[in-house]
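Taking it in order: structure first as structure tokens, then the write-up.
Chain letters run A, B, ... following the sequence lines, proteins first, then strands; residues in each count from 1. These values consider heavy atoms only, across backbone and side chains, with no hydrogens, waters or symmetry-generated copies.
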There are 2 protein chains.
Amino acid sequence: MTAETPEPPSLTVYRLLRRAIIEQALLPGARLPEDAIGEQFGVSRTLVRQSLGRLEAEGLVETRRNRGAFVAEPSLEEAKQIFEVRHVLERDVIDRLIRRISVIGLDSLEAHVVQEERVRGKNGPVSIRLAGEFHILLAELSGNAVLARYVSELVSRCSLILAMYRRRHSTDCAVDEHRQIIRALRERDPEAAKKIMDDHLGAVAGRAELEEPGEDLETVLARYGREMTA
Amino acid sequence: MTAETPEPPSLTVYRLLRRAIIEQALLPGARLPEDAIGEQFGVSRTLVRQSLGRLEAEGLVETRRNRGAFVAEPSLEEAKQIFEVRHVLERDVIDRLIRRISVIGLDSLEAHVVQEERVRGKNGPVSIRLAGEFHILLAELSGNAVLARYVSELVSRCSLILAMYRRRHSTDCAVDEHRQIIRALRERDPEAAKKIMDDHLGAVAGRAELEEPGEDLETVLARYGREMTA
DNA sequence: CACGAAAAAATAGTATACAATTTTTTGGAT
DNA sequence: ATCCAAAAAATTGTATACTATTTTTTCGTG
């Protein structure tokens, strides 16, 4: 009789907004008016506001006093700093995994990559999310929850950065690089794994060019809001 | 004519609660009832709730569904993980500082240590806070704001850990070790600096023993609430 | 006196209401 | 037509009100 407590609506709002941002349905700079969001999700501004506050703490949202919330627009400087910290943390993740990863862990990584491959080219937004979640899974397998949380946060913010400073999303390369990381882990080769990780992350840091704004808020939230009411 | 926008009350509540926790005026496990806090600070539950939410995201507060908020009680496992990530991040801070720290930066570190020395033994809570702020200052001088934010968060959580798993607060040693770090930075000696940092952090990770609960909430918040109304 | 069920009180979760600020619109003067 | 000021609308920030859950108290029974 596990009571199966349902997810509290406050969390749902947070989670859906987060996903909309990470999947780049809400692009950097997009306004996030409290009542419009609340209406779409069928909740009051109270919960929306809480969610926005939390997203702000994570760096996915910026709020201007008396002026509302916007999807964050990390500057190039911020972007550089985020990637630098990712480097530091993910190198440590690799170190830990080399020492402790189990067969089960490797299997779950493989399974994830298979999933990535399955949607490759078919569903852009989901590809973006899955690519990030591979890194989060790595961090979680490291066994250090604190480390995993920070990696997760930085990976999310990288989604924003990619949305701003990259021509087109080409996840094709990523899936391949992910496989390479798994192989290096399987062979317990820390230098190879770190090298791949460095390349994988470093390649992104040196580009620039913007995109056009996305669809309007209603359309986006209607899509993400379905999960709320259902 | 810089307009000097005053701090919004929501931020003030957050900041004061945070300080009360970090200075160990509110000990791990202490209940944090929303209306009692709001009454003390002269604000509604709305703002208290926002603050508690943010503190929860930072790991300083834990909330149990329909049961309220408490000052977090990190387990020994969590504590270990926090110190591990601190190690990784602060070693990187040192690396950066060796490369880039200016005379002005070194001076501000010196100034901070002087301040630490001034209150040594006289004001326990402030000593605790200042000891942590030395590490935060180091991280800020590294020039990477993302890195600084994470170090800051972890340092705060360490305050909780010390409150739970340490016999008595002996900041005497810390001040001395802080001086040693400054010296190593001045001499551009990365290995020495990292060695000291490792010892400094590592020394704490291997102890255990609990303390007794603290004073009641009202007394504590009356002290911290002064800044709110003034 | 101990125990347990029901009632009461307390407290968290959410929605609504109100105040303050910002943005947009309007209308007149140049 | 353009610009500027004043009014209106929209939106945020905060407080209050209401609902649901949890905790405490009460009180009857074994």
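- Separating the CD atom of A:Glu34 from the P atom of C:dT22 is a distance of 15 Å, rounded to the nearest angstrom.
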Do any side-chain atoms of residues 137-147 of chain B form donor-acceptor pairs under 3.5 angstrom with protein atoms, and if so which ones, sequence neighbours left out?
from, atom 1, to, atom 2, distance (Å)
B:Ser142, OG, B:Ala139, O, 2.6
B:Ser142, OG, B:Asn144, N, 3.3
B:Asn144, OD1, B:Val146, N, 3.0
B:Asn144, OD1, B:Leu147, N, 3.0
B:Asn144, ND2, A:Gln81, O, 3.4
B:Asn144, ND2, A:Glu84, OE1, 3.0

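- Residues A:Thr12 and A:Glu7 bring a donor and an acceptor atom of their side chains to less than 3.5 Å of each other.
- Of all heavy-atom pairs between B:Ser152 and B:Arg18, the closest is OG-NH2, 3.8 Å.
- Considering B:Leu60, B:Leu160, B:Leu27 in turn, B:Leu160 is the only one that fulfils the side-chain contact (heavy atoms from CB on, under 4.5 Å) rule with B:Val71.
- Applying the ring pair (Phe, Tyr, Trp, His ring centres under 6.0 Å) test to residues at least two apart or on different chains, the pairs with a partner in residues 120-142 of chain B are B:Phe134-B:His178, B:His135-B:His178, B:His135-B:His200.
- Residues of residues 44-54 of chain A having a heavy atom closer than 4.0 Å to DNA chain C, listed by number: A:Ser44, A:Arg45, A:Thr46, A:Leu47.
- No donor-acceptor pair closer than 3.5 Å links the side chain of B:Glu90 to the backbone N or O of B:His87.
- Read 5' to 3', the first and last nucleotides of DNA chain D with an atom closer than 4.0 Å to a heavy atom of chain A are D:dT11 to D:dT14.
- Computed from coordinates, the A:Asp35 CG to C:dT21 P distance equals 19 Å when rounded to whole Å.
- A pairwise comparison of heavy atoms in B:Tyr150 and B:Leu89 identifies CB-CD1, 3.7 Å as the closest pair.
- Residues in residues 33-50 of chain A take part in these salt bridge (charged side-chain N to carboxylate O under 4.0 Å, His left out) pairs, two or more places apart or across chains: A:Glu34-A:Arg45, A:Glu34-A:Arg49.
- Within residues 56-70 of chain B, the residues that have a heavy atom under 4.0 Å from DNA chain D are, in order of number, B:Asn66, B:Arg67.
- When all heavy atoms of A:Arg120 and A:Ser127 are compared, the closest pair comes out as CA-OG, 4.2 Å.
- Between B:Leu130 and B:Glu116, the closest heavy-atom pair is CB-CG, 3.9 Å.
- In this structure, A:Arg31 atom CZ and C:dT22 atom P are separated by 14 Å, rounded to whole Å.
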